[in-house]
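Nothing here was measured: the structure is a model prediction, and the numbers come from that model.
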Amino acid sequence: MAEISEKELSLEESFEKLDSLLERLEDRELPLEEAFSLYQQGLELMKSCNEKIDTVEKKILVLNGDGGFDEF
């Protein structure tokens with residue numbers, strides 16, 4: 001089964017996946033190699049989330065004092 005790319009996940013789906021990874025990482029019986037793999041997946045998801053948030057922030061417009069809009 002092909003895994004969905006982090007870029008294709010919505011921000012909410014990415015957060016849910018991060019929560020799932022965190023729950024698995026909290027398992028004290030988790031082998032070190034698997035824990036490291038999950039950690040790497042989490043870092044990639046965080047990077048993807050940050051990129052999505054940056055994109056949204058750049059699109060937000062703020063009303064300026066002249067009645068016009070400025071980018072956030």
Would you say Leu45 and Leu22 are hydrophobically clustered, going by side-chain heavy atoms of ILVMFWY under 4.5 Å? no
Closer than 3.5 angstrom, by distance alone: can the side chain of Ser20 be matched with the main-chain N or O of Glu16 as a donor-acceptor pair? no
Glu13 meets the side-chain hydrogen bond (donor to acceptor under 3.5 Å, both in side chains) criterion, sequence neighbours left out, with Ser10
Salt bridge (Lys or Arg N to Asp or Glu O under 4.0 Å) contacts in which one or both residues fall within residues 18-33, not counting sequence neighbours: Arg24-Glu34
Straight-line distance of Glu44 CD to Cys49 SG, nearest 0.5 Å: 11.5 Å
Is the shortest heavy-atom distance from the side chain of Leu9 to the side chain of Lys52 under 4.5 Å? yes
Say you draw a straight line from CG of Leu43 to CG of Leu18; how long is it, rounded to the nearest 0.5 Å? 9.5 Å
Point-to-point distance, once rounded to the nearest 0.5 Å, from OG of Ser48 to CD1 of Ile53: 9.5 Å
Measure the CE-CZ distance between Met46 and Phe15 for me, rounded to the nearest 0.5 Å. 7.0 Å
Leu30 and Leu38, any side-chain heavy atoms less than 4.5 Å apart: yes
Can you give me the closest heavy-atom contact between Leu25 and Ala35, atom names plus distance? CD2-O, 3.4 Å
